[in-house]
Amino acid sequence: MSPGGGRYTRGMTDSHDDILILGGGVAGLACALYLLREGRGVRILEQGRVGSGASHGNCGTITPSHAPPLAGPGVIARALKWMTRPDAPLYIRPRVDPALADWLLRFALRCNRDDWWASARARAALLDASRGLIGTLVEEEGLDCRFEANPLWYVARDRRQFEHEVREAALLRTLGIESRVLDAAEVARCEPALRPGVAGAIEFAGDASLRPDRYVAELARVVRANGGLIEEDCRVLGIDHERGRVASVRTALGARRGGEVVLAAGAWSPTLSRGLGLNVPVQPGKGYSITYSRPALAPSRPLVLKGPQVCVTTWSDGFRLGSTMEFSGYDASLNRTRLDALVRAAREHLHEPVGPELREEWYGWRPMTYDDLPLLGRAPRWDNLWLATGHGMLGMSMSAATGRLLADLVTRRAPILDPSPYDPARFA
């Protein structure tokens with residue numbers, strides 16, 4: 001094995017490491033990088049290929065503007081209306097699922113103004129810290145990930161939708177999230193890719209964008225360059241424990257042991273934590289995207305098409321439509337109805353809604369908690385188990401602050417921000 005880490009292959013024997021990280025998505029890689037910066041040794045166990053899950057096909061927007069949680073006043077009424085529409089922005093497939101039913105009940109109880117504010121404040125703090133850290137990482141580590149400090153626009157064609165966004169933007173300013181309201185004439189002048197008929201837009205200057213697959217690949221490169229070990233195709237079979245400590249992690253490649261263990265497995269975290277007596281209330285929220293080659297008349301900035309809730313991101317080498325939220329368990333199929341809804345929304349808003357070449361149709365499971373806050377910190381009643389999961393739709397945006405905060409907690413440094421809103425003990 002080279003000092004730079006590299007990739008392990010099948011047939012390797014048992015090992016013991018300083019810190020094991022279960023999950024090689026953006027959260028696990030960010031935790032690894034910041035722990036390595038603190039002088040700790042790290043081994044990542046990834047069941048597939050690095051960044052092959054929800055980190056791969058999202059729209060790559062870095063969005064402090066997305067501080068508002070999914071649960072809020074009026075959401076239940078909209079969700080009930082959407083239940084009859086398989087192409088709706090939020091869709092819950094009818095089925096018998098006690099865990100989902102409990103999650104939905106707790107989600108519904110949070111659809112009030114007080115809980116909305118509590119989650120929004122905590123999300124804003126994490127997102128703002130992460131936005132700054134991502135920019136610093138790109139510069140310090142030379143990450144080749146198409147990063148651009150490009151303001152994101154919320155675009156609305158419906159007048160009532162636009163007025164709602166204007167009101168919410170005013171609320172977000174009280175959280176330090178600056179925005180600017182653009183009328184229809186300014187939108188038409190500044191963004192020729194949009195079709196006529198836009199009521200207005202909200203510009204969030206603090207947002208940014210990157211190519212998510214490149215960002216993850218670059219994080220993996222830097223982790224390896226700093227001595228971190230990454231084992232791909234290393235499926236976790238079970239976790240053995242004794243006297244309040246994780247003793248070993250059984251994998252398809254043998255047993256792995258660590259002084260500390262970080263569970264950063266995204267939507268798979270509840271499955272991996274079974275048998276540990278933990279409450280990890282994460283549901284897989286299925287998102288979709290379609291990637292094309294770049295159209296001739298592509299938007300010059302990331303857009304969120306409000307109403308259909310579709311994100312549009314343009315890079316120098318690609319163009320992506322994404323979003324939607326589907327609760328259908330771990331259903332491993334591409335839902336054509338929901339993919340078509342992405343294109344339909346783009347056709348309503350853009351002169352050139354698709355690129356010349358279809359490159360990928362994708363889905364991924366986002367790890368959704370009912371309070372829309374991640375679980376970051378020590379697992380209750382466990383001496384050496386830490387959680388870094390439950391980031392919902394914002395794993396990319398929250399990645400750097402997640403890694404830094406987790407490293408601060410593990411190494412007992414003063415934390416970069418107050419960790420209490422994200423403490424896993426809130427679900428104990």
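All figures in this text were calculated on a predicted structure; none of them were measured in a lab.
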Problem set entry | CD on E203 to OG on S179, rounded to 0.5 Å | 9.0 Å
Problem set entry | Least distance between heavy atoms, S293 atom then R359 atom | CB-NH2, 3.5 Å
For this session: Quickly, which of V312, T324, V354 forms a side-chain contact (heavy atoms from CB on, under 4.5 Å) with L342? Name it, please.
Result: T324
For this session: Determine the minimum heavy-atom distance between T411 and L35, stating which atoms define it.
Result: CG2-CD2, 4.5 Å
Problem set entry | Nearest-0.5 Å distance that lies between atom CG in L152 and atom CZ in R301 | 10.0 Å
Exercise. Can you check whether F162 and Y154 have ring centres sitting under 6.0 Å from each other?
Worked result: no
Exercise. Looking at D317 and R294, does any basic side-chain N land under 4.0 Å from a carboxylate oxygen?
Worked result: no
Problem set entry | E46 (side chain) donor-acceptor with G24 (main chain) under 3.5 angstrom | yes
For this session: Considering only NZ, NE, NH1 and NH2 on the basic side and carboxylate oxygens on the acidic side, decide whether K286 and D331 come within less than 4.0 Å.
Result: yes
Problem set entry | Between H66 and S397: side-chain donor-acceptor atoms closer than 3.5 Å | no
For this session: Report yes or no: is the cationic atom of R211 (NZ for Lys, CZ for Arg) under 6.0 Å from the centre of the six-membered ring of W315, at an angle within 45° of the ring normal?
Result: yes
Problem set entry | Evaluation steps, side-chain contact (heavy atoms from CB on, under 4.5 Å), between M325 and R366 | CA-CA 9 Å; M325 177 66 68; R366 307 162 176 130; 3.3 Å; yes
Problem set entry | Carboxylate-amine/guanidinium proximity below 4.0 Å for R378 and D383 | no
Problem set entry | 4.5 Å side-chain heavy-atom contact, L175 and L172 | yes
Exercise. Do R250 and D240 meet the salt-bridge criterion of a basic N to acidic O distance under 4.0 Å?
Worked result: yes
Problem set entry | Atom pair CD1 (I239) and CG (L22), whose distance is rounded to the nearest 0.5 Å | 5.5 Å
For this session: For the pair S328 (side chain) and R93 (backbone), establish whether a donor and an acceptor sit closer than 3.5 Å, ignoring hydrogens and angles.
Result: no
Exercise. Has the side chain of R257 got a donor or acceptor atom that lies under 3.5 Å from a matching backbone atom of H16?
Worked result: no
Exercise. Do the ring planes of W103 and Y370 sit parallel (below 30°), tilted (30 to 60°) or perpendicular (above 60°)?
Worked result: perpendicular
Exercise. Side-chain contact, heavy-atom cut-off 4.5 Å: L272 with L263?
Worked result: yes
For this session: Mark yes or no for whether N226, through its side chain, and V222, through its backbone, hold a donor-acceptor pair below 3.5 Å.
Result: yes
For this session: Taking the side chain as every heavy atom from C-beta outward, state whether I177 and F204 have any atom pair closer than 4.5 Å.
Result: yes
Exercise. Roughly how far, to the nearest 0.5 Å, is CG of D102 from CG of N279?
Worked result: 8.0 Å
Exercise. Would you say R235 has more than 12 foreign heavy atoms packed within less than 6.0 Å of its CZ?
Worked result: no
Problem set entry | Side-chain donor or acceptor of S130 paired with backbone N/O of L126 under 3.5 Å | no
Exercise. Can you find a pair of side-chain heavy atoms, one from L405 and one from L417, that are under 4.5 Å apart?
Worked result: yes
Exercise. Can you check whether L350 reaches L303 side chain to side chain, under 4.5 Å on heavy atoms?
Worked result: yes
Exercise. Would D207 and T61 count as a side-chain contact (heavy atoms from CB on, under 4.5 Å) if you check the C-alpha gap in whole Å, the side-chain angles of each, and the deciding distance to 0.1 Å?
Worked result: CA-CA 7 Å; D207 287 1; T61 53; over 6 Å; no
For this session: Starting from the C-alpha separation in whole Å, work towards a yes-or-no answer on side-chain contact (heavy atoms from CB on, under 4.5 Å) for V236 and Q47.
Result: CA-CA 7 Å; V236 173; Q47 67 174 346; over 6 Å; no
Seminar exercise, completed: Tightest non-hydrogen contact, residues L373 and S119, listed as CD2-O, 3.8 Å
Problem set entry | Electrostatic pair R113:D115 at N-O distance under 4.0 angstrom | no
For this session: May I ask you to establish whether R110 and F107 are in a cation-pi arrangement, using a distance under 6.0 Å from NZ or CZ to the six-membered ring centre and at most 45° from the ring axis?
Result: no
Problem set entry | Interatomic spacing from SG in C31 to CG in L33 - rounded to 0.5 Å | 10.0 Å
Exercise. Can you find a pair of side-chain heavy atoms, one from V282 and one from M368, that are under 4.5 Å apart?
Worked result: no
Exercise. Where does the angle between the aromatic ring planes of Y330 and W365 fall among parallel (under 30°), tilted (30 to 60°) and perpendicular (over 60°)?
Worked result: perpendicular
For this session: Looking only at non-hydrogen atoms, find the nearest pair between S300 and N150 and report the distance.
Result: O-ND2, 3.2 Å
Problem set entry | Closest contact, heavy atoms only, I92 versus L100 | CG2-CD2, 4.2 Å
Seminar exercise, completed: Heavy-atom nearest pair, A388 first then A27, reads O-CB, 4.1 Å
For this session: Could you tell me whether E231 and R256 make a salt bridge, using a distance below 4.0 angstrom between a side-chain N and a carboxylate O?
Result: yes
Problem set entry | Pair W362-L339, side-chain contact (heavy atoms from CB on, under 4.5 Å): steps then yes or no | CA-CA 9 Å; W362 174 91; L339 289 170; over 6 Å; no
Exercise. Are the charged groups of D18 and R43 less than 4.0 angstrom apart, N to O?
Worked result: no
For this session: Answer yes or no: is there an ion pair linking D87 with R344, defined by an N-O contact shorter than 4.0 Å?
Result: yes
Exercise. If you count the non-hydrogen atoms of other residues, nucleotides and ligands that lie under 6.0 Å from CZ in R173, is the total more than 12?
Worked result: yes
Exercise. Taking atom types as modelled, is there a side-chain donor on Y215 or S399 under 3.5 Å from an acceptor on the other?
Worked result: yes
Seminar exercise, completed: Rounded to the nearest 0.5 Å, the CG atom of L276 sits from the CG atom of L385 at a distance of 6.5 Å
Exercise. How about E168 and P68: do any of their side-chain heavy atoms sit closer than 4.5 Å?
Worked result: yes
For this session: Output yes when R37 and E141 qualify as a salt bridge under the 4.0 Å nitrogen-oxygen rule, no when they do not.
Result: yes
Exercise. Just wondering, do I230 and R224 contact through their side chains at under 4.5 Å, heavy atoms?
Worked result: yes
